[in-house]
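One structure is given here, and the rest of the page talks about it.
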Amino acid sequence: MKRTHHCGQLRLTDEGKAVALTGWVHVRRDHGGIVFIDLRDREGLTQVVFDPQYNPGAAEASHALRSEFCVFVEGRVRHRPAGTINTKLPTGEVEVIAHKLEVLNPAETPPFEISDDTLTSEDLRLQYRYLDLRRPAMARNLRLRHQVTMAVRNYFDELGFLDVETPMLFKSTPEGAREYLVPSRLYPGKFYALPQSPQQFKQLLMVAGVERYYQMARCFRDEDLRADRQPEFTQVDVEMSFIDREDIYAVMEGLMKRMWKTALGRDIPTPFPRMTFQDAMNRFGSDKPDTRFAMETVDFTEDFRASQFKVFRGTVEAGGVVKALNAKGFACATQGQIEALTEAAKSFGAKGLAWIKVEGGKWNSPIVKFFNDAEKAALTAKLKIEEGDLILFAADQWGSACEILGRIRLLCAQYLQQTGKLAIPGDRYDFLWVVDFPLLTFDKEQSRWMSSHHPFTAPVEEDAPLLETDTHRVRGKHYDLVLNGSEIGGGSIRIHKPDLQQKIFDVCEIPREIAESRFGYFIKAFRFGTPPHGGIALGFDRIMAVLVGSPSIRDVIAFPKTAKASDLMTQSPGDVTARQLKDLHIRVAGDEAKPA
RNA sequence: GGGGGCGUAGCUCAGCUGGUUAGAGCGCCUGCCUGUCACGCAGGAGGCCGCGGGUUCGAGUCCCGUCGCUCCCGCCA
């Protein structure tokens, strides 16, 4: 048995050829005498005809075919009779008239249709993932992911990067995300951790003189999941020596260009725009702004400093800010939508949500009676208020006010899209570098400074002297790559001198002995001629989800897990035997008597 | 850890303020059918209404709990 062609391959120019095809029965159209089969493999569909006049044996056997039977067919390519050409299929001008049929394996009736048209529930798809992946859309996603992976590898290879594999069995670094732990058999009570990223190894590769490293790196985080977060995921991990931020931007912009060209045939413009963290928060209320639409947030702190409206005045007196945005054309918001926005604002930490509907030439609002003419004039001017607009406010400390209004902005955009008042083209890609993040943020719970990104991020040179005096003003050489309002990558120029590193630990009040036990080997390495270096990691699954136009990264991962981190197909996580636990020196709490 | 949505035939879903024998489309099975491609026609099978408890004369429907899927908040250095 040897197939000669794929099912998406045959054309009119192949007419007369003897061919052999393998594949799955996509649909069967049995006319009693003549039988048509759409034969499917990963490359496409071909119509196979079983005609009793041409070959009675094969025709007889074909009546037994059912959906998803795996079959082998031999026959001859012929052009379809006039009037029976199917213009919807690339192979629609031809058909294969069969003289031999072999059923390689019959199939039970599948639990759901193998089709892109009917959407089956997620749990059933995951339980029978091998069938789900037969659906043309999913097969296409797998293939596109492969093609983009190849583009990434070729790109980095051309630029002289080395693909270096780093260990999966690593050491626990409890500073960051919760880790998956792996118990050690040889060292009772000790554990490895699966890497949440190869961060330290890639920096050590720079110490090792690799100079340019990349890896399609598997990473693991034991945190709660989202549509764009899986417990294990893939990063395009990059690190370079003797560079500064501009080099990273250029290399990554070239990479994105290559990925988009490969996947979509699109030429995306570079360089990408850049925005400071301050600007992003002030204008969009987010450190990953969606710049595909405007609706920017505007500061009104000074305008309401002496306002009659106590909520605003009080916030300003307490050192907070008043911000507002104009949801253009959303005065039509229903009571329910206003309530939903208010609830959302509250869930993000607001005490309430003030609003003004501009309808019939009037400002319809529970709070407008507190506003004087100057305040109204300021609002009108700065927000360009017109008939039909909806104005929304947030008053809080700067960070909170920005974030609350930023979320409200996104929700309004969603509503406006539903009502057709805002249109975002599906093929629009707004890339953006967000830069100048604060190096450290003050953690109220622990009452100490913590790294915004990670503790190896270098400060901007001119800010470094302020580390001890004006800590909050120190900017880090950190950068995030944002696409359409979602973070698809982030990285930084690293600290490469032990004394500066120690200073950061000191400012963060990390005791020397803890720093030593956790990062000692790492800091030590920096005493042996460490080159200046920096890097970035891209969320490859997220990028692929954007490229295939899917809202969830599950659609670009062959075997993903559920929102509760289980695998419905293999039923994992699962039990282990008492013997396994014993070998690993593990006893499960409250479960000692449980038989294996 | 918290909040929202969903769970009814193999699949997708309908089932009103509780009220006879729980429906539809697709799929499946049987028969007929030689140019279909959403093939057609006729007939048929198929239900622990997620699970457990409660309220009630009576529960798919109301209440409590629980499990699963999903979206979001927290979390993700």
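Below, chains carry the letters A, B, ... as their sequence lines are ordered, and counting in each starts from 1. Small disclaimer: the values here were computed from a predicted structure and weren't measured.
Here the side chain of A:Glu223 is nearest to one of B:rU70, B:rC69, B:rC76, namely B:rC76.
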Walk along nucleotides 7-15 of chain B from 5' to 3' and tag each nucleotide B, S or - by protein heavy-atom contact under 4.0 Å, base first, then sugar-phosphate. ---SSS---
Give the B/S/- string for nucleotides 38-44 of chain B, one per nucleotide from 5' to 3', where a protein heavy atom under 4.0 Å of the base yields B, of only the sugar-phosphate yields S, and otherwise -. SB-----
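Separating the NZ atom of A:Lys561 from the P atom of B:rG68 is a distance of 17 Å, rounded to the nearest angstrom. Rounding to whole angstrom units, CZ of residue A:Arg78 and P of B:rG35 are separated by 13 Å. As a whole-Å value, the separation of A:Asp51 CG from B:rC33 C1' is 14 Å.
Among the protein residues, A:Thr173 comes within range of no part of the nucleic acid, since none of its heavy atoms lies under 4.0 Å from any strand.
A donor-acceptor contact under 3.5 Å links the side chain of A:Arg80 to the base of B:rC37. A donor N or O paired with an acceptor N or O is not found under 3.5 Å between the base of B:rG1 and the side-chain atoms of A:Arg178. Side-chain N/O atoms of A:Arg226 and base N/O atoms of B:rG74 include a donor-acceptor pair closer than 3.5 Å. For A:Arg221 against B:rC76, no side-chain N or O and base N or O form a donor-acceptor pair under 3.5 Å.
For A:Arg512, the salt bridge (charged side-chain N to carboxylate O under 4.0 Å, His left out) partners at least two apart in sequence or on another chain are A:Asp506. Among residues two or more places apart in sequence or in another chain, the salt bridge (charged side-chain N to carboxylate O under 4.0 Å, His left out) test is passed with A:Glu223 by A:Arg178.
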Short heteroatom pairs, N/O only, protein and nucleotides 4-6 of chain B, under 3.5 Å:
none

Show the atom names and distances, to 0.1 Å, of all donor-acceptor pairs under 3.5 Å that link a side chain in residues 28-37 of chain A to residues at least two apart or in another chain.
| residue | atom | partner | partner atom | Å |
| --- | --- | --- | --- | --- |
| A:Arg28 | NE | A:Leu65 | O | 3.2 |
| A:Arg29 | NH1 | A:Asp38 | OD2 | 3.1 |
| A:Arg29 | NH2 | A:Asp38 | OD1 | 3.1 |
| A:Arg29 | NH2 | A:Gln47 | OE1 | 2.9 |
| A:Asp30 | OD1 | A:Gly32 | N | 2.8 |
| A:Asp30 | OD1 | A:His63 | ND1 | 3.3 |
| A:Asp30 | OD2 | A:His63 | ND1 | 2.8 |

